[in-house]
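Take a look at the structure set out below.
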Amino acid sequence: TPNTTTIYGMLEFDVKDEPFVLEIPPGVLGPIQDAFFRYVVDFGPVGPDRGKGGKYVVAHESYTGELPADAFEVRTRTYRNMGFFRVFVKDGDFAGASAFVKKTFRC
């Protein structure tokens, strides 16, 4: 449930032509879902990065090309996918949390 003490973000991406690389900073939590809202992966404390942040590469299950070795490999059954995330705000510093995620969240 959304609330007024958290920063939220959303993204939509297509992996039909090539994989999608997502760089998650520490302090961010969220899932990726496919076009039918089926679970693909979590990132953040409950994901493979365990809250430390990291690079994720999302590819369609049929993709046979090379993928970056320094990323968590994620396969999806649909070309179109979506993610949403929340940024943890410390000590009510919304401006600092917002600036941090703008600077470090990459896709």
Side-chain angles (χ1 to χ4, degrees):
T1 303
N3 61 60
T4 59
T5 60
T6 305
I7 298 171
Y8 294 94
M10 296 186 73
L11 60 139
E12 185 273 331
F13 56 94
D14 188 327
V15 295
K16 183 176 182 181
D17 296 324
E18 63 186 357
F20 182 78
V21 177
L22 185 62
E23 293 182 32
I24 306 295
V28 174
L29 170 68
I32 294 176
Q33 298 176 328
D34 73 10
F36 296 102
F37 297 104
R38 293 178 297 206
Y39 171 82
V40 176
V41 71
D42 286 317
F43 50 83
V46 296
D49 66 275
R50 301 289 184 234
K52 297 176 185 170
K55 187 185 295 185
Y56 288 73
V57 59
V58 184
H60 189 263
E61 63 186 5
S62 67
Y63 183 78
T64 58
E66 275 192 55
L67 297 173
D70 64 340
F72 298 107
E73 182 180 325
V74 178
R75 295 293 181 148
T76 180
R77 295 186 279 177
T78 60
Y79 293 129
R80 308 260 329 227
N81 298 271
M82 71 166 289
F84 54 95
F85 60 91
R86 64 183 290 171
V87 179
F88 295 104
V89 178
K90 295 179 184 173
D91 301 320
D93 184 10
F94 289 95
S98 178
F100 172 74
V101 81
K102 286 179 182 179
K103 182 179 178 184
T104 59
F105 193 100
R106 298 279 178 259
C107 49

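Note that the coordinates shown come from a computational prediction; the quantities given were computed from them, not determined experimentally. Positions are given from 1, in the same order as the sequence printed here. Both backbone and side-chain heavy atoms feed into the values below; hydrogens, waters and symmetry mates do not.
The closest donor-acceptor contact from the side chain of Asp14 to the backbone of Lys16 lies under 3.5 Å. Ser98 contributes no side-chain N or O that, together with a main-chain N or O of Phe94, makes up a donor-acceptor pair within less than 3.5 Å.
At a threshold of 4.5 Å between non-hydrogen side-chain atoms, the residues Arg86 and Phe88 count as touching. You'll find the side chain of Tyr63 stays beyond 4.5 Å of the side chain of Val15, heavy atoms only. Side-chain atoms of Leu11 and Phe105, non-hydrogen and from C-beta on, do get closer than 4.5 Å to each other. Contact of the Phe13 side chain with the Cys107 side chain is not registered, since no non-hydrogen atoms from C-beta on lie closer than 4.5 Å.
Contacts of Ala97 classified as side-chain contact (heavy atoms from CB on, under 4.5 Å), with partners at least two apart in sequence or in another chain: Ile7, Val87, Val89.
A continuous path of ILVMFWY side-chain contacts below 4.5 Å connects Val74 to Ile24, so both sit in one hydrophobic cluster. Put simply, Leu22 and Val101 are part of the same group of oily side chains (I, L, V, M, F, W, Y) that touch within less than 4.5 Å, one to the next.
The minimum heavy-atom distance linking Met10 with Phe85 is given by the pair N-CE2, 4.1 Å. Nearest heavy-atom pair, Glu23 versus Pro25, reported as atom, atom and distance to 0.1 Å: O-CD, 3.7 Å.
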Name every donor-acceptor pair, under 3.5 Å, that has one atom in a side chain of residues 26-45 and the other anywhere in the protein, sequence neighbours excluded.
unit_1	atom_1	unit_2	atom_2	d
Asp34	OD1	Phe36	N	2.8
Asp34	OD1	Phe37	N	3.3
Asp34	OD1	Arg38	N	2.9
Asp34	OD2	Arg38	NE	2.6
Asp34	OD2	Arg38	NH2	2.8
Tyr39	OH	Asp42	N	3.3

Ignoring hydrogens and angles, write down the donor-acceptor pairs under 3.5 Å from the side chains of residues 65-73, residues two or more places apart or on other chains.
unit_1	atom_1	unit_2	atom_2	d
Asp70	OD2	Lys55	NZ	3.1
Glu73	OE2	Arg75	NE	3.0
Glu73	OE2	Arg75	NH2	3.3

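Distance check: Phe84 CZ to Glu12 CD gives 14.0 Å after rounding to the nearest 0.5 Å.
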